[in-house]
Amino acid sequence: MRSPRWGWLLTGPHLLIAATFIYVPFAAVIAFSLTRYDGITRPGWVGLENYRWLVTNDTFRQTLWNTARLSFVVVVLTVVVSVPLAAAIHRARRLQALYRAIFLVPMVATPVASASVWRWFYRPDDGLINTVLRPIGVERIAWLSDAKTAVIALAIIQVWALSSFFVIVLLASLDNIPTELYEASSLDGAGTITQFRYITAPALRPMIWFTIIQSTLSTIQLYDVATVLSRRGGPGGSTRTLTMQLHDEAFVSLRMGRASAIGVAIFVISLSVTAVQLSIASESQWWRRYRRPRGRAGFAVEPLPPSLRISS
Amino acid sequence: MSVTAEVPARRRAARSASTEPVVEPYRKPPAAVLGLPRYTRRRLRGIFLHVALISIGSLYLLPMGYMVLRSFTPWELTLGGVRAGDFTLAHFEELNRKLDIQRLILNTSIVTIARVAIQVALSVTAGFAIAQIRFTGNRFVLVTLVSCLMVPFPLMLIPMVVMVRVAGYYNSFAGLIAPTLVSGVGVLLFVQVFRRIPLELIDAARVDGCAPWRILWHVAVPYARSAIGAFALLVSIYSWNEYLWANVATSGPRRQVLTVGVTRLANQYGWSDPGVQMAAATVATLPIIVLAVVLRRLTQVPYHRLPSSNTGRTETGAKPGKADR
């Protein structure tokens, strides 16, 4: 229907709020990043000084490295853990509702609360993890006070939360695969692995990319879990994240200009990582050998090899 | 059946196309492997699957289970030493003395409910207008709202604090709620959903003389009930768990929310009073977990309706692929 009046009336409030709370702050943060500003006195123009600081500063470089390492480890582990897990849950006929409920819990658990529980697991002497590892002959690990293990500790929490999110999301798209495909292919002699390769994996591909992007972004912008584990970024700054450094520059050191520049860096990094991932997801298809016809259920189904094709 | 009879011809076809793998034709599975009949093997495989899933599942459940268990039992006991009779509320009483916990719960609930109501209303109306009403600027509105998705929240932190302070809303509900209301995901979701409303429904309503807002209320909203529920659940989870903004926009207990309270407690007491910290974590996270588990059917709705990463391969707005042309 055509109705400019209602069109603008219904979208107006959202537009107005978006302008006030996204577009104005966006312009403001870029302006702030070119100034020296302590939040109280008037901002003074310094040009690109803050960005120069970003490029030359070792602390920020370390934070960048932390973030890159953490997101890579977390995303890879999450995918590796959750795809087989989702496939297994989907296969299980009985107790499926129970499994779905179980994997919902880490996903919705409040990050700061779960981190404040995990913290106690990592205690070197009476923590649960070391208590379990001791009988197997693992030496006492000082999880949170060693720069290396602190990163692992953080990654474990992140993988725990994100992979359950992955499982739920993947299950939703597994539900969308028509079961006839499995029935027909098993009639034609396809085993579990062949079915996974030719039916499940192609159907999951778009959703896997969606979740990879989501989890990369949330790890790049990680703040709450890391700040509960150690407020100032852990031993030797090894778990300091970008957002944590932004927060501390802005509200502890009161250097809002510098913090704004970090914010712009977070924006640029998030955007470019997403762009790279999207381009990998859409263009290069070096791993697939077949042209992709459109499947009947709205997602692409890779053609089965001719010997498995369902002939009418 | 005729399946086996066709096999030789198919095999030849498969060999001639050299790029495609030759898949073994159907062979009847052997009746017994390692002396086990097929039925038993299938049973064993099922049992193995469940054993694996239950052990991995309990691993995933461990932190939250531990938290709940330890908040109701005296900390002095070791985990193995907890017995059924050890139930105690002492940690919660202690927590109540240390934090104004009722106030925190109230604040969090108010903020969450307000965010859910406003975000759902904003996204549903905007999504409906974009999907169903033709007006100049339709496309512009869609792009403007959806591109808010790309802006990470930490980027907005500093200007928002400045704005909220200048406007005099620091440490108030308005200051807590207002900056988090824009939802690119919501707009995207509801545009997708409302584009699929059958045209006949809309036309029938228009013939009956419905104004657009009545079509929205009587046709579109009932049509999108499950999507609205799913989105509301998503927003409430996000809102309940939100920490960064709540920490920056408030000070003191008057407008504090649970996440901030828990973190303050953890920072303040460090490695002392573990029982109280467990109790605080339980209060902070158990309500939202219970809500999500009760409403878990809703979590299955929105994801596959969202346009998947790149290919636009959604149930509706599918871009025509090369193979279609």
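Within every chain, numbering begins at 1; the chains are lettered A, B, ... in the order of the sequence lines, protein sequences first and strands thereafter.
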Is chain B contacted by the side chain of [X], its backbone, both, or neither, given a heavy-atom distance below 4.5 Å?
X       : value
V264(A) : both
P13(A)  : both
I17(A)  : both
I89(A)  : both
F103(A) : side chain
T131(A) : neither
R119(A) : both
L246(A) : side chain
W160(A) : both

Which one, [options], leads in non-hydrogen pairs under 4.5 Å with chain B?
options                          : answer
F32(A), Y99(A), F267(A), Y223(A) : Y99(A)
S270(A), P106(A), A88(A), A28(A) : A88(A)
G12(A), A18(A), P25(A), A259(A)  : P25(A)

Who among [options] has the most heavy-atom pairs with chain A under 4.5 Å?
options                           : answer
M67(B), R165(B), R206(B), E242(B) : R206(B)
I130(B), L258(B), L244(B)         : L244(B)
A129(B), A284(B), A126(B)         : A126(B)
G184(B), A266(B), P179(B)         : P179(B)

Task: Enclosure of R123(A) CZ (heavy-atom neighbours >12, cutoff 6.0 Å) - done: yes
With a 4.5 angstrom heavy-atom cut-off, is it the side chain or the backbone of [X] that approaches chain A, or both, or neither?
X       : value
N247(B) : side chain
F128(B) : side chain
A121(B) : neither
V162(B) : side chain

What side-chain donor-acceptor pairs closer than 3.5 Å can you find for residues 145-157 of chain B, not counting sequence neighbours?
residue	atom	partner	partner atom	Å
S147(B)	OG	Y23(A)	OH	3.0
S147(B)	OG	V143(B)	O	2.6
S147(B)	OG	T144(B)	O	3.1

